[in-house]
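Working notes, structure below.
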Number of protein chains: 2
Amino acid sequence: MAFSLSPSSKHTFAHSLREKGLRPTKQRACVYGVILDKRDHPTADDIFDRVKKHLPGTSFATVYNCLETLVGCGLVRQVNMDRSPTRYCPNLTPHAHFKCTQTGQIFDVQIDQDTLSKMHALIPKGFLAENIDLCFSGKGDSSTN
Amino acid sequence: MAFSLSPSSKHTFAHSLREKGLRPTKQRACVYGVILDKRDHPTADDIFDRVKKHLPGTSFATVYNCLETLVGCGLVRQVNMDRSPTRYCPNLTPHAHFKCTQTGQIFDVQIDQDTLSKMHALIPKGFLAENIDLCFSGKGDSSTN
DNA sequence: GTTAAAAATGGAATTATTCTAATTACTGAT
DNA sequence: ATCAGTAATTAGAATAATTCCATTTTTAAC
(Lines give C-alpha, C1' and ligand atoms only; values in the text may rest on other atoms or scores of the structure.)
Protein backbone atom coordinates (compact mmCIF):
# COMPACT_ATOMS: atom_id res chain seq x y z
CA MET A 1 0.00 0.00 0.00
CA ALA A 2 1.04 3.57 -0.56
CA PHE A 3 2.64 5.53 2.19
CA SER A 4 0.21 7.51 4.29
CA LEU A 5 1.23 10.96 5.40
CA SER A 6 -0.26 12.44 8.54
CA PRO A 7 -3.16 14.79 7.79
CA SER A 8 -1.11 17.91 8.44
CA SER A 9 1.89 16.73 6.44
CA LYS A 10 -0.41 15.70 3.65
CA HIS A 11 -1.87 19.15 3.57
CA THR A 12 1.50 20.96 3.50
CA PHE A 13 2.66 18.54 0.87
CA ALA A 14 -0.28 18.93 -1.49
CA HIS A 15 -0.38 22.65 -0.95
CA SER A 16 3.31 23.24 -1.66
CA LEU A 17 3.13 21.25 -4.86
CA ARG A 18 -0.09 22.78 -6.13
CA GLU A 19 1.33 26.23 -5.53
CA LYS A 20 3.82 25.47 -8.26
CA GLY A 21 1.31 23.78 -10.53
CA LEU A 22 2.67 20.32 -9.71
CA ARG A 23 0.75 17.19 -8.83
CA PRO A 24 0.80 15.48 -5.48
CA THR A 25 1.38 11.99 -6.86
CA LYS A 26 1.64 8.86 -4.77
CA GLN A 27 5.36 8.52 -5.57
CA ARG A 28 6.05 12.05 -4.40
CA ALA A 29 3.98 11.51 -1.29
CA CYS A 30 5.85 8.31 -0.58
CA VAL A 31 9.29 9.84 -1.04
CA TYR A 32 8.28 12.74 1.19
CA GLY A 33 6.77 10.28 3.65
CA VAL A 34 9.85 8.16 4.12
CA ILE A 35 11.99 11.28 4.60
CA LEU A 36 9.61 12.54 7.28
CA ASP A 37 9.24 9.15 8.84
CA LYS A 38 12.83 8.42 9.70
CA ARG A 39 14.77 11.64 10.01
CA ASP A 40 18.17 10.12 9.56
CA HIS A 41 19.24 12.16 6.55
CA PRO A 42 18.89 9.29 4.07
CA THR A 43 20.61 9.16 0.69
CA ALA A 44 18.70 8.72 -2.58
CA ASP A 45 19.67 5.08 -2.33
CA ASP A 46 18.23 4.68 1.16
CA ILE A 47 15.08 6.45 0.04
CA PHE A 48 14.78 4.18 -3.00
CA ASP A 49 14.94 1.09 -0.77
CA ARG A 50 12.33 2.46 1.61
CA VAL A 51 9.99 3.62 -1.12
CA LYS A 52 10.10 0.24 -2.85
CA LYS A 53 8.58 -1.36 0.23
CA HIS A 54 5.48 0.75 -0.25
CA LEU A 55 5.46 1.13 -4.03
CA PRO A 56 7.43 -1.78 -5.41
CA GLY A 57 7.38 -0.61 -9.03
CA THR A 58 9.16 2.65 -8.31
CA SER A 59 12.27 3.36 -10.33
CA PHE A 60 15.44 5.10 -9.33
CA ALA A 61 14.80 7.86 -11.81
CA THR A 62 11.49 8.54 -10.14
CA VAL A 63 13.12 8.84 -6.74
CA TYR A 64 15.55 11.37 -8.15
CA ASN A 65 12.75 13.19 -9.94
CA CYS A 66 10.64 13.31 -6.81
CA LEU A 67 13.53 14.51 -4.70
CA GLU A 68 14.28 17.27 -7.15
CA THR A 69 10.64 18.30 -7.08
CA LEU A 70 10.42 18.26 -3.30
CA VAL A 71 13.60 20.30 -3.00
CA GLY A 72 12.26 22.72 -5.57
CA CYS A 73 9.06 23.15 -3.53
CA GLY A 74 11.05 23.75 -0.38
CA LEU A 75 9.67 20.67 1.35
CA VAL A 76 13.05 19.08 1.90
CA ARG A 77 16.62 20.31 1.93
CA GLN A 78 19.63 18.77 0.27
CA VAL A 79 22.62 18.15 2.49
CA ASN A 80 25.97 17.80 0.78
CA MET A 81 29.00 17.01 2.84
CA ASP A 82 32.30 16.56 1.03
CA ARG A 83 31.89 14.13 -1.85
CA SER A 84 29.56 11.67 -0.20
CA PRO A 85 26.12 11.04 -1.67
CA THR A 86 23.56 13.79 -1.22
CA ARG A 87 21.34 13.41 1.81
CA TYR A 88 17.85 14.73 2.38
CA CYS A 89 16.42 16.54 5.34
CA PRO A 90 12.83 17.57 6.12
CA ASN A 91 13.86 20.00 8.85
CA LEU A 92 13.14 23.43 7.44
CA THR A 93 14.12 25.48 10.47
CA PRO A 94 17.52 27.23 10.33
CA HIS A 95 20.00 24.58 11.28
CA ALA A 96 23.49 23.35 10.58
CA HIS A 97 24.73 19.80 10.17
CA PHE A 98 27.32 17.90 12.09
CA LYS A 99 28.81 14.82 10.51
CA CYS A 100 30.51 12.31 12.72
CA THR A 101 33.66 11.21 10.92
CA GLN A 102 33.58 7.89 12.74
CA THR A 103 30.02 6.70 12.19
CA GLY A 104 29.04 8.85 9.20
CA GLN A 105 25.93 9.87 11.12
CA ILE A 106 24.56 13.36 10.52
CA PHE A 107 23.06 15.45 13.30
CA ASP A 108 20.98 18.59 13.07
CA VAL A 109 22.36 21.54 15.02
CA GLN A 110 19.98 24.40 15.67
CA ILE A 111 21.14 27.92 14.79
CA ASP A 112 19.91 30.76 16.96
CA GLN A 113 18.78 34.01 15.41
CA ASP A 114 21.74 36.00 16.71
CA THR A 115 24.33 33.70 15.17
CA LEU A 116 22.34 33.49 11.98
CA SER A 117 22.36 37.28 11.72
CA LYS A 118 26.08 37.40 12.32
CA MET A 119 26.62 34.90 9.58
CA HIS A 120 24.47 36.91 7.20
CA ALA A 121 26.43 40.00 8.10
CA LEU A 122 29.58 38.44 6.69
CA ILE A 123 28.27 38.72 3.17
CA PRO A 124 29.87 41.66 1.37
CA LYS A 125 27.86 44.50 -0.13
CA GLY A 126 26.51 43.71 -3.56
CA PHE A 127 26.10 40.01 -2.87
CA LEU A 128 22.71 38.46 -2.30
CA ALA A 129 22.70 35.10 -0.55
CA GLU A 130 19.78 32.84 -1.31
CA ASN A 131 21.23 29.94 0.59
CA ILE A 132 23.38 29.37 3.64
CA ASP A 133 25.01 26.10 4.46
CA LEU A 134 26.90 25.45 7.64
CA CYS A 135 28.52 22.09 8.19
CA PHE A 136 30.67 20.75 10.95
CA SER A 137 32.54 17.51 10.95
CA GLY A 138 34.43 15.71 13.66
CA LYS A 139 33.79 13.35 16.48
CA GLY A 140 30.12 12.99 17.31
CA ASP A 141 28.59 12.46 20.70
CA SER A 142 29.71 9.00 21.79
CA SER A 143 26.57 8.59 23.91
CA THR A 144 24.45 8.45 20.79
CA ASN A 145 26.16 5.36 19.36
CA MET B 1 60.26 23.80 -17.03
CA ALA B 2 58.92 22.99 -13.61
CA PHE B 3 56.83 25.48 -11.74
CA SER B 4 58.82 27.75 -9.47
CA LEU B 5 57.36 28.62 -6.12
CA SER B 6 58.36 31.85 -4.40
CA PRO B 7 61.09 31.28 -1.81
CA SER B 8 58.68 31.63 1.11
CA SER B 9 56.02 29.38 -0.41
CA LYS B 10 58.68 26.87 -1.29
CA HIS B 11 59.78 26.82 2.30
CA THR B 12 56.29 26.35 3.75
CA PHE B 13 55.63 23.70 1.15
CA ALA B 14 58.74 21.62 1.79
CA HIS B 15 58.43 22.05 5.52
CA SER B 16 54.78 20.95 5.71
CA LEU B 17 55.47 17.85 3.67
CA ARG B 18 58.65 16.85 5.48
CA GLU B 19 56.83 17.20 8.80
CA LYS B 20 54.72 14.26 7.72
CA GLY B 21 57.61 12.31 6.23
CA LEU B 22 56.51 13.09 2.68
CA ARG B 23 58.65 14.26 -0.21
CA PRO B 24 58.42 17.66 -1.86
CA THR B 25 58.35 16.35 -5.43
CA LYS B 26 58.18 18.53 -8.50
CA GLN B 27 54.64 17.37 -9.25
CA ARG B 28 53.47 18.33 -5.78
CA ALA B 29 55.25 21.66 -6.02
CA CYS B 30 53.66 22.31 -9.37
CA VAL B 31 50.14 21.45 -8.22
CA TYR B 32 50.61 23.66 -5.19
CA GLY B 33 52.13 26.36 -7.39
CA VAL B 34 49.23 26.60 -9.81
CA ILE B 35 46.77 26.76 -6.93
CA LEU B 36 48.72 29.61 -5.35
CA ASP B 37 49.26 31.33 -8.66
CA LYS B 38 45.68 31.87 -9.72
CA ARG B 39 43.42 31.87 -6.73
CA ASP B 40 40.25 31.16 -8.59
CA HIS B 41 39.30 27.95 -6.75
CA PRO B 42 40.20 25.64 -9.63
CA THR B 43 38.83 22.13 -10.03
CA ALA B 44 41.09 19.07 -10.36
CA ASP B 45 40.47 19.36 -14.07
CA ASP B 46 41.59 22.98 -14.21
CA ILE B 47 44.64 22.10 -12.17
CA PHE B 48 45.46 19.20 -14.47
CA ASP B 49 45.40 21.50 -17.50
CA ARG B 50 47.61 24.08 -15.82
CA VAL B 51 50.07 21.55 -14.48
CA LYS B 52 50.47 19.95 -17.91
CA LYS B 53 51.82 23.23 -19.26
CA HIS B 54 54.74 22.97 -16.85
CA LEU B 55 55.11 19.20 -16.57
CA PRO B 56 53.57 17.74 -19.72
CA GLY B 57 53.88 14.11 -18.64
CA THR B 58 51.71 14.51 -15.58
CA SER B 59 48.74 12.18 -15.25
CA PHE B 60 45.35 12.79 -13.82
CA ALA B 61 45.94 10.28 -11.08
CA THR B 62 49.00 12.23 -10.02
CA VAL B 63 47.03 15.44 -9.78
CA TYR B 64 44.50 13.72 -7.55
CA ASN B 65 47.27 12.14 -5.50
CA CYS B 66 49.03 15.46 -5.06
CA LEU B 67 45.84 17.23 -4.12
CA GLU B 68 45.06 14.60 -1.52
CA THR B 69 48.56 14.99 -0.13
CA LEU B 70 48.40 18.79 -0.04
CA VAL B 71 45.02 18.70 1.67
CA GLY B 72 46.38 16.18 4.16
CA CYS B 73 49.27 18.50 4.96
CA GLY B 74 46.93 21.42 5.43
CA LEU B 75 48.44 23.40 2.57
CA VAL B 76 45.19 23.68 0.65
CA ARG B 77 41.54 23.32 1.50
CA GLN B 78 38.88 21.43 -0.38
CA VAL B 79 35.77 23.36 -1.26
CA ASN B 80 32.66 21.35 -2.00
CA MET B 81 29.52 23.14 -3.03
CA ASP B 82 26.51 21.02 -3.85
CA ARG B 83 27.45 18.27 -6.30
CA SER B 84 29.80 20.25 -8.48
CA PRO B 85 33.44 19.16 -8.80
CA THR B 86 35.64 19.75 -5.79
CA ARG B 87 37.58 23.01 -5.84
CA TYR B 88 40.83 23.84 -4.15
CA CYS B 89 41.77 26.88 -2.13
CA PRO B 90 45.15 27.95 -0.72
CA ASN B 91 43.61 30.51 1.66
CA LEU B 92 44.10 29.02 5.11
CA THR B 93 42.62 31.87 7.12
CA PRO B 94 39.11 31.34 8.49
CA HIS B 95 36.82 32.14 5.63
CA ALA B 96 33.55 31.15 4.04
CA HIS B 97 32.72 30.75 0.36
CA PHE B 98 30.15 32.48 -1.74
CA LYS B 99 29.15 30.86 -4.99
CA CYS B 100 27.49 32.99 -7.61
CA THR B 101 24.67 30.94 -9.07
CA GLN B 102 24.89 32.88 -12.31
CA THR B 103 28.58 32.72 -13.14
CA GLY B 104 29.66 29.77 -10.99
CA GLN B 105 32.43 31.96 -9.59
CA ILE B 106 33.50 31.35 -6.02
CA PHE B 107 34.48 34.18 -3.71
CA ASP B 108 36.26 34.04 -0.37
CA VAL B 109 34.40 35.74 2.48
CA GLN B 110 36.41 36.50 5.58
CA ILE B 111 35.00 35.40 8.93
CA ASP B 112 35.70 37.58 11.94
CA GLN B 113 36.65 36.01 15.25
CA ASP B 114 33.41 36.94 16.95
CA THR B 115 31.22 35.25 14.36
CA LEU B 116 33.55 32.27 14.27
CA SER B 117 33.19 31.87 18.04
CA LYS B 118 29.42 32.11 17.81
CA MET B 119 29.41 29.41 15.18
CA HIS B 120 31.58 27.21 17.33
CA ALA B 121 29.26 27.79 20.23
CA LEU B 122 26.43 26.12 18.32
CA ILE B 123 28.07 22.75 18.64
CA PRO B 124 26.38 20.68 21.35
CA LYS B 125 28.26 19.29 24.34
CA GLY B 126 30.01 16.04 23.59
CA PHE B 127 30.70 16.89 19.97
CA LEU B 128 34.15 17.85 18.79
CA ALA B 129 34.31 19.73 15.49
CA GLU B 130 37.50 19.35 13.51
CA ASN B 131 36.15 21.20 10.55
CA ILE B 132 33.77 24.04 9.84
CA ASP B 133 32.39 24.81 6.44
CA LEU B 134 30.26 27.81 5.69
CA CYS B 135 28.95 28.31 2.19
CA PHE B 136 26.66 30.90 0.72
CA SER B 137 25.14 30.83 -2.70
CA GLY B 138 23.18 33.39 -4.60
CA LYS B 139 23.75 36.38 -6.81
CA GLY B 140 27.35 37.54 -6.76
CA ASP B 141 28.59 41.08 -7.05
CA SER B 142 27.72 42.19 -10.57
CA SER B 143 30.64 44.63 -10.61
CA THR B 144 33.07 41.71 -10.65
CA ASN B 145 31.75 40.25 -13.92
C1' DG C 1 76.20 2.32 -6.96
C1' DT C 2 72.61 -0.71 -4.91
C1' DT C 3 68.50 -1.36 -2.71
C1' DA C 4 64.15 -0.38 -0.49
C1' DA C 5 60.49 2.74 -0.09
C1' DA C 6 57.72 6.35 -2.03
C1' DA C 7 55.65 8.54 -5.86
C1' DA C 8 53.97 8.81 -10.52
C1' DT C 9 51.76 6.75 -14.42
C1' DG C 10 47.98 4.95 -17.66
C1' DG C 11 44.13 2.87 -17.92
C1' DA C 12 40.35 0.42 -16.04
C1' DA C 13 36.70 0.52 -12.61
C1' DT C 14 33.37 2.67 -9.66
C1' DT C 15 29.42 5.28 -8.44
C1' DA C 16 26.23 8.94 -7.87
C1' DT C 17 23.60 11.18 -10.80
C1' DT C 18 21.43 12.68 -15.21
C1' DC C 19 19.50 11.89 -19.62
C1' DT C 20 16.46 9.80 -23.12
C1' DA C 21 12.80 7.76 -25.30
C1' DA C 22 8.75 5.37 -24.48
C1' DT C 23 4.72 4.40 -21.59
C1' DT C 24 1.26 5.58 -18.24
C1' DA C 25 -1.66 8.62 -15.50
C1' DC C 26 -4.06 12.89 -14.75
C1' DT C 27 -6.84 17.02 -15.66
C1' DG C 28 -9.84 20.03 -17.98
C1' DA C 29 -12.81 20.88 -21.70
C1' DT C 30 -16.32 19.11 -24.37
C1' DA D 1 -18.05 9.88 -19.45
C1' DT D 2 -14.66 10.65 -23.31
C1' DC D 3 -10.93 12.67 -25.45
C1' DA D 4 -6.85 15.39 -25.95
C1' DG D 5 -3.03 17.35 -24.08
C1' DT D 6 0.19 17.66 -20.57
C1' DA D 7 2.72 15.89 -16.65
C1' DA D 8 4.84 12.09 -14.36
C1' DT D 9 6.94 7.64 -14.28
C1' DT D 10 9.76 4.07 -16.07
C1' DA D 11 13.97 1.25 -17.59
C1' DG D 12 18.05 1.48 -19.12
C1' DA D 13 21.85 3.90 -21.23
C1' DA D 14 25.11 7.65 -20.63
C1' DT D 15 27.95 10.84 -18.05
C1' DA D 16 31.54 12.56 -15.22
C1' DA D 17 34.23 13.01 -11.14
C1' DT D 18 36.91 10.31 -8.66
C1' DT D 19 39.35 6.12 -7.10
C1' DC D 20 41.75 1.91 -7.77
C1' DC D 21 45.37 -1.10 -9.52
C1' DA D 22 49.43 -2.93 -11.42
C1' DT D 23 53.60 -1.28 -13.24
C1' DT D 24 57.36 1.85 -13.84
C1' DT D 25 60.12 5.61 -12.30
C1' DT D 26 62.24 8.39 -8.88
C1' DT D 27 64.35 9.24 -4.61
C1' DA D 28 67.02 8.71 -0.32
C1' DA D 29 69.83 6.04 2.63
C1' DC D 30 73.37 3.01 3.12
Side-chain angles (χ1 to χ4, degrees), chain A residues 2-3 13-14 16-34 41-52 54-73 75-76 78-88 104 106, chain B residues 2-3 13-14 16-34 41-52 54-73 75-76 78-88 104 106:
Chain A
F3 200 99
F13 167 73
S16 299
L17 284 162
R18 291 234 170 78
E19 252 185 354
K20 304 228 165 186
L22 301 168
R23 297 174 188 162
T25 67
K26 61 179 192 277
Q27 287 88 345
R28 287 171 177 167
C30 188
V31 167
Y32 185 48
V34 302
H41 302 89
T43 62
D45 215 79
D46 298 330
I47 293 165
F48 178 55
D49 289 343
R50 294 177 199 175
V51 166
K52 270 196 302 189
H54 301 279
L55 301 170
T58 309
S59 74
F60 229 121
T62 297
V63 169
Y64 273 105
N65 289 341
C66 291
L67 287 169
E68 194 187 352
T69 303
L70 294 172
V71 169
C73 292
L75 287 164
V76 307
Q78 271 180 318
V79 183
N80 287 109
M81 307 207 67
D82 36 76
R83 287 262 99 207
S84 49
T86 301
R87 291 162 175 282
Y88 296 86
I106 292 180
Chain B
F3 200 97
F13 167 72
S16 298
L17 284 162
R18 291 233 170 77
E19 252 186 354
K20 303 227 166 189
L22 300 169
R23 297 174 189 163
T25 66
K26 60 178 193 278
Q27 288 88 346
R28 286 171 179 169
C30 187
V31 168
Y32 185 47
V34 303
H41 302 87
T43 63
D45 215 79
D46 297 330
I47 294 166
F48 179 55
D49 289 343
R50 294 175 199 177
V51 165
K52 272 196 302 190
H54 301 278
L55 300 170
T58 309
S59 73
F60 228 121
T62 297
V63 169
Y64 273 106
N65 289 340
C66 291
L67 287 169
E68 194 187 352
T69 304
L70 294 172
V71 170
C73 292
L75 287 164
V76 307
Q78 271 179 319
V79 183
N80 288 110
M81 305 206 69
D82 37 74
R83 287 260 99 206
S84 49
T86 300
R87 291 163 174 280
Y88 296 86
I106 291 180

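Reminder, nothing fancy here: chain letters follow the sequence lines and each chain counts from 1.
When side chains are defined from C-beta on, A:Asn65 does not count as touching A:Gln27, because their heavy atoms never get closer than 4.5 Å. For the pair A:Asn80/B:Asn80, no side-chain contact is recorded, criterion being any heavy-atom separation below 4.5 Å from C-beta on. The shortest side-chain heavy-atom distance between A:Tyr88 and A:Asp46 does not fall under the 4.5 Å cut-off. In this structure, the side chains of B:Asp82 and A:Gln78 stay at 4.5 Å or more apart for every pair of heavy atoms. Counting heavy atoms from C-beta outward, B:Cys73 and B:Leu22 have side chains that approach closer than 4.5 Å.
The distance from atom CG of B:Asp82 to atom C1' of C:dT18 is 15 Å, rounded to the nearest whole Å. Between A:Asp46 atom CG and C:dT17 atom P the separation is 11 Å, expressed in whole Å. Atom pair A:Arg87:CZ and C:dT17:P shows a separation of 10 Å (rounding to whole Å applied). Residue B:Leu17 contributes atom CG, which lies 14 Å from atom P of D:dT27 at whole-angstrom precision.
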Each nucleotide of nucleotides 3-15 of chain D classed B (base within 4.0 Å of a protein heavy atom), S (only sugar-phosphate) or -, in 5' to 3' order, makes ---BSSBBBB---
Under the criterion side chain to side chain donor-acceptor pair (under 3.5 Å), I'd like the reasoning laid out for A:Thr43 against A:Asp45: C-alpha separation, chi angles, the key distance, then a yes or no. CA-CA 5 Å; A:Thr43 62; A:Asp45 215 79; 5.3 Å; no
Atom pairs under 3.5 Å, N or O on each side, protein against nucleotides 14-16 of chain C: can you list them with distances?
{"residue": "C:dA16", "atom": "O3'", "partner": "B:Arg83", "partner atom": "NH1", "Å": "3.4"}

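Of all heavy-atom pairs spanning A:Val34 and A:His54, the tightest one is CG1-CD2, 4.2 Å.
For the helix from C:dG1-D:dC30 to C:dT30-D:dA1, the terminal axes (five pairs an end, C1' atoms, rotation from four pairs onto the next four) enclose an angle of 30°, given to 10 degrees.
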